[in-house]
Amino acid sequence: MSKGIVSGLVLLTIGLVAGFLLAFVNSFTAPKILAYEQQLKYDAIGEFYDLSTYTITEVPVTTGGAVDTLYKVLDGNTTVAIVYSVKSFGYQSEIKMLIAIKSDLTVEGYKIVDQAETSGYGTQAPDHDFQMDGVTVGDLSTFDAIAGVTYTSNAVKACFTAVFDRAATDFGGDAS
Amino acid sequence: MTQRENFVKGLFKENPLFISVLGMCPSLATTKTLENAIGMGIAVLFVLTLSNLIISLLMSNKKIAELVKPVRIPVYIVVIATLVTIVEMLTHAFVPVLYQSLGVFIPLIVVNCIILGRAEAFASNHKPLDAVVDGVGMALGYMGGLMLLALVRESLGYGSLTVLNQFGVTIKLNLVPVLNFLGIAPMEFFVQPAGAFLTFGFLLAAIVVFSNKKAEKAKKGSEAA
């Protein structure tokens with residue numbers, strides 16, 4: 001057998017062993033990671049709605065786009081609000097937001113749950129008041145961007161736009 | 001070389017951070033807080049010890065060594081990458097806050113020259129036990145260096161020293177009153193990348209001065225004798 005083939009086989013064997021090892025570790029860490037991410041979202045939703053009085057149903061969005069999951073906040077059988085998990089690309093990272101829309105189509109609240117923007121600039125976004133509380137769906141006129149943080153602000157704006165685009169239909173389908 | 005010397009050399013004489021100046025990129029980026037530095041140090045300790053052990057085991061067996069030799073660098077990388085990925089998964093699952101703050105620098109341990117350097121320069125031609133002792137010593141030396149950097153940067157930059165901020169437990173030393181007493185405010189400059197370079201430069205200079213003095217003394221001592 002030529003030397004090259006032997007070397008290749010050696011590498012293949014080591015790679016296979018490594019692969020099995022990784023699969024084993026992944027088998028018990030992956031559920032934990034998923035649970036943690038879920039927990040983060042529910043914690044954020046819990047800030048808006050008392051989770052002991054409302055029930056939350058999760059509706060994944062399969063059609064793609066910025067919105068990836070809908071969390072319907074139910075009081076009994078009526079949808080009180082929908083919390084959208086939405087993402088958009090900022091300056092150097094993906095900004096993940098939760099935006100809550102009430103059934104009268106106004107913004108109940110919003111929260112940036114994940115970002116890795118430039119320290120000192122884009123990182124102001126999670127604490128910034130974008131002046132969007134209580135506005136009606138579709139109205140972006142009050143949106144207050146952060147000076148000097150254009151990319152991040154635009155990403156946040158894009159998140160709102162994506163949610164506004166579908167909010168009416170989501171509630172409309174539910175009310176009937 | 002005794003086992004003791006083998007262990008201690010990584011801490012001082014051949015300290016990977018301050019003497020060999022290896023693995024600079026993660027050391028400058030992850031030393032914003034003491035907690036990050038400790039976390040990074042533990043990750044490197046795990047990877048370096050196990051990679052040294054595995055590589056030394058592979059290479060100390062004559063038959064396997066002969067097969068591995070032509071492809072040894074890829075083999076090292078596969079071994080190291082596997083270990084690093086395991087560390088990444090474990091930190092993500094069990095210490096998510098630390099994982100978030102270390103970010104991309106955990107996967108980047110794969111290309112950390114300390115680990116590849118020890119694999120090629122030491123583990124591949126020493127016995128497994130020696131390699132493990134060397135790995136632990138080197139990793140602790142690296143961790144010590146990171147902690148020294150973080151100590152300066154966090155205390156001057158944030159006015160605090162965070163030892164632990166996980167699982168709802170916070171062990172944090174507030175140094176703002178001390179800084180106030182000295183009449184200075186926390187300087188955010190030190191927690192930014194440029195501050196890392198400055199801190200590292202000063203520490204490096206201090207260590208060079210110290211070791212030069214020591215060498216001079218030793219020289220004088222031998223001349224007098």
Side-chain angles (χ1 to χ4, degrees), chain A residues 1-44 46 87 90-96 111-127, chain B residues 29 32 46 50-51 54-55 57-59 61 63-105 107 110 157-158 166-168 188-196:
Chain A
M1 235 190 315
S2 88
K3 263 189 179 161
I5 295 175
V6 175
S7 304
L9 283 177
V10 169
L11 208 52
L12 184 70
T13 330
I14 292 175
L16 279 178
V17 174
F20 277 115
L21 207 63
L22 285 182
F24 169 70
V25 175
N26 187 48
S27 69
F28 67 84
T29 53
K32 257 198 119 88
I33 294 168
L34 206 67
Y36 172 73
E37 280 176 354
Q38 204 74 346
Q39 184 60 37
L40 269 190
K41 279 193 176 153
Y42 277 90
D43 279 352
K87 55 181 192 290
Y91 184 67
Q92 58 177 21
S93 69
E94 204 166 54
I95 292 161
K96 288 183 186 157
K111 189 183 167 84
I112 295 175
V113 283
D114 191 30
Q115 53 85 23
E117 296 289 277
T118 320
S119 169
Y121 292 89
T123 47
Q124 297 169 25
D127 302 319
Chain B
K32 262 190 199 173
F46 176 85
L50 282 181
S51 81
I54 293 169
I55 286 160
L57 279 175
L58 282 177
M59 302 304 270
N61 185 321
K63 259 191 187 153
I64 299 177
E66 216 159 276
L67 287 173
V68 168
K69 209 131 224 177
V71 285
R72 66 182 191 286
I73 298 290
V75 167
Y76 298 162
I77 294 285
V78 170
V79 169
I80 295 166
T82 311
L83 292 168
V84 170
T85 315
I86 290 175
V87 168
E88 192 193 352
M89 287 170 173
L90 290 176
T91 45
H92 197 169
F94 296 103
V95 273
V97 181
L98 183 70
Y99 176 80
Q100 293 252 312
S101 56
L102 288 180
V104 75
F105 294 100
V110 177
Y158 288 134
Q166 302 279 338
F167 326 112
E188 203 174 304
F189 170 73
F190 276 99
V191 286
Q192 279 167 1

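Letters go in sequence order (proteins before strands), and every chain restarts at 1.
Heavy-atom contacts from other residues, nucleotides or ligands closer than 6.0 Å to OH of Tyr91(A) number 12 or fewer. Residue-environment remark: NZ (Lys87(A)) exceeds the threshold of 12 foreign heavy atoms within 6.0 Å. Heavy atoms of other residues, nucleotides or ligands lying less than 6.0 angstrom from OH of Tyr36(A) number more than 12.
At a 4.5 Å heavy-atom cutoff, the contact between Leu90(B) and chain A is made by backbone and side-chain atoms alike.
Here Asn26(A) contributes atom CG and Met89(B) contributes atom CE; the two are 4.0 Å apart, rounded to the nearest 0.5 Å. The CZ atom of Phe28(A) lies 6.0 Å from the CZ atom of Phe94(B); values are rounded to the nearest 0.5 Å. Taken to the nearest 0.5 Å, the NE2 atom of His92(B) stands 9.5 Å off from the CG atom of Leu34(A).
Put simply, the residue from Val71(B), Val78(B), Thr82(B) that forms a side-chain contact (heavy atoms from CB on, under 4.5 Å) with Ile14(A) is Val78(B).
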